[in-house]
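Everything on this sheet refers to the single structure shown next.
Along the sequence shown, the residues carry numbers beginning at 1. Because the structure is a prediction, the values reported are computed rather than measured.
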Amino acid sequence: MILIGMPGSGKSTLGRILADSLSYHFIDTDDVIMDTYEKTLMQLIEENGTEGFITLEGKVVQSIHTNQAVISTGGSVIYHEGAMAYLKSIGFVVYLHHALNDLTQRVGNLVTRGVVCHGGCETLQELFDERCPLYEKYADLTVDLTKCTLPECNQRLLSAVQKQLKKIAAQSK
């Protein structure tokens with residue numbers, strides 16, 4: 001399964017916990033990108049520009065071949081249609097949704113965090129407005145994690161994913 005969502009939505013933190021709970025592998029695509037190019041995300045964005053980074057991210061994401069894994073994506077993966085089509089072909093996509101106010105408390109500086117925005121966003125609000133429709137477009141499952149603690153978020157996510165896995169298993173019979 002593939003986790004998508006805004007910066008600060010818990011893709012990496014909750015993804016690791018979810019993978020452990022399901023006895024799945026965990027893959028963080030941001031880590032794969034940094035390991036592949038031996039640079040930070042910020043360095044890659046500065047060197048390649050927004051479009052160049054999106055292309056690099058798409059190539060790396062499409063090179064991931066795994067089974068029984070939770071894949072935590074960079075929030076900008078939704079800008080690359082080929083990467084999203086590939087991810088949807090290898091698993092189901094889970095959108096970790098939070099209210100903007102929750103994210104504001106978690107994110108910090110968008111620039112130093114290495115966040116990509118197609119429309120030249122300067123605020124979290126602008127990024128949220130730009131990305132949320134794309135997350136909704138690609139999601140097979142949306143889990144609302146607004147105003148939950150880490151244990152509550154984990155339980156909501158695990159419960160929703162287990163239901164989705166049962167549904168998929170029933171459909172394949």
Side-chain angles (χ1 to χ4, degrees), residues 1-36 41 54 57-107 113 115-116 124 127-173:
M1 72 203 63
I2 297 91
L3 305 181
I4 62 172
M6 288 287 292
S9 64
K11 298 179 299 289
S12 296
T13 301
L14 292 170
R16 282 184 180 86
I17 297 168
L18 180 62
D20 285 346
S21 298
L22 298 171
S23 297
Y24 278 22
H25 302 285
F26 176 75
I27 299 169
D28 187 319
T29 63
D30 284 347
D31 291 342
V32 176
I33 292 165
M34 289 186 290
D35 290 347
T36 300
L41 297 178
I54 291 167
E57 182 176 37
K59 283 182 190 174
V60 170
V61 165
Q62 291 176 81
S63 74
I64 295 171
H65 301 284
T66 187
N67 195 8
Q68 295 215 320
V70 173
I71 301 172
S72 168
T73 63
S76 59
V77 72
I78 45 96
Y79 295 130
H80 194 287
E81 287 187 30
M84 288 308 302
Y86 174 73
L87 290 170
K88 287 180 77 65
S89 77
I90 65 167
F92 65 93
V93 177
V94 182
Y95 169 31
L96 305 183
H97 177 271
H98 289 269
L100 179 62
N101 290 342
D102 287 359
L103 296 170
T104 302
Q105 296 171 10
R106 297 176 179 191
V107 171
R113 190 174 174 115
V115 173
V116 170
L124 187 60
L127 186 70
F128 187 84
D129 292 345
E130 179 178 283
R131 286 188 180 181
C132 284
L134 294 171
Y135 294 135
E136 291 165 4
K137 171 185 172 181
Y138 289 114
D140 297 307
L141 173 68
T142 298
V143 182
D144 185 6
L145 301 176
T146 300
K147 297 208 181 297
C148 60
T149 63
L150 181 59
E152 290 168 341
C153 287
N154 180 51
Q155 188 53 49
R156 283 186 203 175
L157 178 59
L158 181 59
S159 176
V161 164
Q162 286 174 328
K163 285 179 190 170
Q164 185 76 4
L165 289 171
K166 285 179 186 172
K167 187 174 162 183
I168 291 168
Q171 290 173 348
S172 66
K173 288 183 180 179

Open item on the list: Side chains of I2 and T73, heavy atoms from C-beta outward: is any pair under 4.5 Å?
Closed with: yes
Task: Residue list, side chain to side chain donor-acceptor pair (under 3.5 Å) with Q62, at least two apart or on another chain - done: none
Task: side-chain contact (heavy atoms from CB on, under 4.5 Å) between L22 and L158, intermediate numbers included - done: CA-CA 9 Å; L22 298 171; L158 181 59; 4.0 Å; yes
Task: Least distance between heavy atoms, A160 atom then V143 atom - done: CB-CG2, 3.6 Å
Open item on the list: Using 0.5 Å steps for rounding, measure from the CG atom of L141 to the CG atom of L96.
Closed with: 9.0 Å
Task: Considering all heavy atoms, the nearest A69-Y24 contact - done: N-CD2, 3.6 Å
Task: Closest approach of M84 to I78 (non-hydrogen atoms, all atoms of both residues) - done: CG-CA, 3.8 Å
Task: Validation row: K11, D30 side chains within 4.5 angstrom (heavy atoms) - done: no
Open item on the list: Is any side-chain heavy atom of E81 closer than 4.5 Å to one of Y138?
Closed with: yes
Open item on the list: Before you tell me yes or no, could you show the steps for S23 and Q68 under side-chain contact (heavy atoms from CB on, under 4.5 Å), namely the whole-Å CA-CA distance, both residues' side-chain angles and the distance that decides it to 0.1 Å?
Closed with: CA-CA 8 Å; S23 297; Q68 295 215 320; over 6 Å; no
Open item on the list: Using a 6.0 Å cut-off, check whether atom NZ of K88 has over 12 heavy atoms from anything other than its own residue.
Closed with: yes
Open item on the list: For S12 versus D28, what's the shortest heavy-atom pair and its separation?
Closed with: OG-OD2, 2.5 Å
TODO: Would you check, one step at a time, whether the test side-chain contact (heavy atoms from CB on, under 4.5 Å) holds for K166 with K163?
DONE: CA-CA 5 Å; K166 285 179 186 172; K163 285 179 190 170; 5.8 Å; no
Open item on the list: If I take atom NZ from residue K147 and atom CG from residue D102, how far apart are they, to the nearest 0.5 angstrom?
Closed with: 5.0 Å
- [ ] Can you measure from CD1 (I168) to CG (D140) and round to the nearest 0.5 angstrom?
- [x] 7.5 Å
Open item on the list: What I'd like to find out is whether the side chain of L127 reaches to under 4.5 Å of the side chain of P7, using heavy atoms alone.
Closed with: yes
TODO: Would you mind reporting whether V161 and V70 have side-chain heavy atoms less than 4.5 Å apart?
DONE: no
Open item on the list: Tell me the closest heavy-atom pair linking N154 and L18, and the distance in Å.
Closed with: OD1-N, 4.3 Å
Open item on the list: Nearest 0.5 angstrom please: Q155 CD to L150 CG, how far?
Closed with: 11.5 Å
Task: From CD1 (I4) to NE2 (H97), nearest 0.5 Å - done: 11.5 Å
Open item on the list: Check whether S172 reaches the backbone of A169 with its side chain - one donor and one acceptor, N or O, closer than 3.5 Å.
Closed with: yes
TODO: Could you grab the distance from atom CZ of F128 to atom OG1 of T104, nearest 0.5 Å is fine?
DONE: 9.0 Å
- [ ] Mind running side-chain contact (heavy atoms from CB on, under 4.5 Å) on C132 and Y95 for me, showing each step along the way?
- [x] CA-CA 9 Å; C132 284; Y95 169 31; 3.4 Å; yes
Task: Residue pairs fulfilling disulfide (SG to SG under 2.5 Å) with at least one residue in residues 140-173, sequence neighbours excluded - done: C148-C153
Task: pair M1-L165: side-chain heavy atoms closer than 4.5 Å - done: yes
Task: Which atom of H65 lies closest to which atom of Y86, heavy atoms considered - done: ND1-OH, 3.2 Å
Open item on the list: Taking the side chain as everything from C-beta on, heavy atoms only, tell me whether M6 gets closer than 4.5 Å to L124.
Closed with: yes
Task: With T149 via side chain to side chain contact (heavy atoms under 4.5 Å, CB included) - residues at least two apart - done: P151, E152
- [ ] Report yes if the side chains of V61 and H80 come closer than 4.5 Å at any heavy-atom pair, otherwise no.
- [x] no
